[in-house]
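Worth saying up front: this structure is predicted, and the values here are computed from it rather than measured.
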Amino acid sequence: MTGRVNEGPIQAYDGPPDYRKVGRHGVFPDMSHDEIERLNVLAQLNRHLSTRVIPGVKQAWETRALPAFEKANGRPPEDRHEVRKALLKDPAFQTWSALRRLTMEQRQQAGRWTTLRQAEELAAKAAALNAGHDRLQLDPALPIPRYVSAVDHHCMPGSYHVERFEGDVSGGANYDHGGFATTGGLLGRFSDGGGQAVVRWVQRRLPDFKPRRILDIGATVGHSALPIAQAFPDAEVVAIDVGGPMLRYAAARAASLGVENIRFVQADGADLSRFEAGSFDWVQTTMFLHELSLASMKAIFAESRRVLAPGGVVLHVEQPQYAPTMPLFEQAMRDWDAFYNNEPFWSTLHEIDLDARMVEAGFAAEELIHDGVTAVVDREVFPDAADDDSEDYGRKAAWRVIGARKTQ
């Protein structure tokens, strides 16, 4: 007897890194031991759901829910909606869905607990970092689009725009420091793995591209815009969003990280009339399109082309579309965010023909760009999505690129 309960090799740890590895900056919230451990628990639970529970849901579908549907209907499901309704009756899906929703609600509760208790201090830090600079341009009179004002996106109370007092940055602080729990660390030390991925794509695919002016739409706290600004220090980056608290926090975050070639402007991407035609060499969105509406997306595509200079590039980074080659089970699982995570446009976006929408905006079919990217992180500390063969149907840091190179 050796005293060991289980003999055999010890499996290598493949979970999220400890939250203490997350990068800090001048406006990052102070956190207690218990606040850190709450986010560690949620990150671990999200990882468990994607690597251990989802495979069981798939097995339950194949061996139980699908045969039951076929027996009752005399045929296989015709679309993802029939699959989702069949899954709703199965206890494996019910368990996974309830736990996934719980992680989102508790992630917001944990993040807000941390930021609201120090909201005034965070606002003061942001104000001090932003004082005396022109990197922040707010417009309190800006109408908030209904696709933002009517929805608490991914269970985030107040979405991106609600201000609780003058100078508030608590929404941005919550969004920034709590994202680790949702992604399980797959976006890296500063949650900027998406922006880093886009930079790497441009440097590899367009090595001679020297943008002078770059527009990032739906920038939130600058997770994607800052890596772009850092990689192209001779360019001016303009990052826009409708949320004032996000932008205050973003500008202070950029200042504390020493990024100077960026401005944050409160504006709606559907109305870029403040910018002249052909005034940007690169227009970028990252995981933004799924939170719009059909009308707003149409306007954003058209405005993006208008402000793009000849030879310029527009890139939209999103989760993959529901192509005919994607299994109906996967489509139904990916639809979860639309029905249970306050992302009402998610399902519609991922079923429409984005190529046709880009052509409708004025791009020629031969100008379109298609590719894929995965998050770029510090691989010595954080897991790399490129090395991760698990699938959580919507949160994995692996995306598709739809874009265009404007020829004239």
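- Under the ring-ring contact (aromatic ring centres under 6.0 Å, His included) criterion, Phe345 pairs with no residue, sequence neighbours left out.
- Residue pairs meeting the side-chain hydrogen bond (donor to acceptor under 3.5 Å, both in side chains) criterion with at least one partner in residues 118-132, sequence neighbours excluded, do not occur; the list is empty.
- With rounding to the nearest 0.5 angstrom, the CD atom of Glu37 is 6.0 Å from the CG atom of Asp18.
- Between Gln319 and Arg334, the side chains place a donor N or O and an acceptor N or O closer than 3.5 Å (distance only, hydrogens not considered).
- Remark: His177 pairs with no residue by the side chain to side chain donor-acceptor pair (under 3.5 Å) rule, at least two apart or across chains.
- A distance-only check finds no donor-acceptor pair linking the side chain of Asn342 to the backbone of Val151 [under 3.5 Å].
- The salt bridge (Lys or Arg N to Asp or Glu O under 4.0 Å) check on Lys298 picks up Glu360, with sequence neighbours excluded.
- No side-chain N or O of Trp399 forms a donor-acceptor pair with one of Thr374 less than 3.5 Å apart.
- Within 6.0 Å of CD in Glu330 there are more than 12 heavy atoms belonging to other residues, nucleotides or ligands.
- For Ser273, the side chain to side chain donor-acceptor pair (under 3.5 Å) partners at least two apart in sequence or on another chain are Asp271.
- A salt bridge between Arg263 and Glu236 is present, with a side-chain N of the basic residue lying under 4.0 Å from a carboxylate O of the acidic one.
- Taking Asp79 as the reference, His81, Glu82 meet the side-chain contact (heavy atoms from CB on, under 4.5 Å) condition, with sequence neighbours excluded.
- At a threshold of 4.0 Å, the pair Arg117-Glu35 counts as salt-bridged, since one of the basic side-chain nitrogens sits closer than that to a carboxylate oxygen.
- For Asp378, the side chain to side chain donor-acceptor pair (under 3.5 Å) criterion is met by Arg189, not counting sequence neighbours.
- Identified under the ring-ring contact (aromatic ring centres under 6.0 Å, His included) test for residues 289-308, with sequence neighbours left out: His290-Trp346, Phe301-His316.
- In this structure, Glu303 contributes its side chain and Leu272 its backbone to a donor-acceptor pair below 3.5 Å.
- A donor-acceptor pair shorter than 3.5 Å cannot be found between the side chains of Asp335 and His350.
- A distance-only check finds no donor-acceptor pair linking the side chain of Lys89 to the backbone of Ala65 [under 3.5 Å].
- Listed by first and then second residue, the side-chain hydrogen bond (donor to acceptor under 3.5 Å, both in side chains) pairs involving residues 54-65 are Arg64-Asp90 (not counting sequence neighbours).
- With sequence neighbours excluded, no residue satisfies ring-ring contact (aromatic ring centres under 6.0 Å, His included) with Phe264.
- One side chain, Asn174 or Arg107, offers a donor N or O that lies under 3.5 Å from an acceptor on the other.
- Seen from the ring of Tyr322, Arg80 does not count as a face-on cation partner, given the 6.0 Å and 45° thresholds.
- For the ring-ring contact (aromatic ring centres under 6.0 Å, His included) condition, the pairs that include at least one residue of residues 225-254, sequence neighbours left out, are His25-Tyr249, Phe232-Trp282.
- Electrostatic pairing of Asp371 and Arg205 counts as a salt bridge here, judged by a charged N lying under 4.0 Å from a carboxylate O.
- Ser170 and Asp168 form a side-chain donor-acceptor contact under 3.5 Å, judged by distance and modelled atom types alone.
- Around atom CZ of Arg146, no more than 12 heavy atoms belonging to other residues, nucleotides or ligands sit under 6.0 Å away.
- The closest side-chain donor-acceptor pair between Asp355 and His370 falls under 3.5 angstrom.
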**Report entry** side-chain hydrogen bond (donor to acceptor under 3.5 Å, both in side chains) evaluation trace for Ser159 with His153
**Finding:** CA-CA 5 Å; Ser159 191; His153 291 88; 2.9 Å; yes
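- Ion pairing of Arg213 with Asp281 is absent here, as no side-chain N (NZ or NE/NH1/NH2) approaches a carboxylate O to less than 4.0 Å.
- Partners of Gln196 according to the side chain to side chain donor-acceptor pair (under 3.5 Å) rule, which considers only residues two or more places apart in sequence or in another chain, are Asp192.
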Query raised in the report: Would Val265 and Arg274 count as a side-chain contact (heavy atoms from CB on, under 4.5 Å) if you check the C-alpha gap in whole Å, the side-chain angles of each, and the deciding distance to 0.1 Å?
Result: CA-CA 11 Å; Val265 179; Arg274 69 181 66 207; 3.3 Å; yes
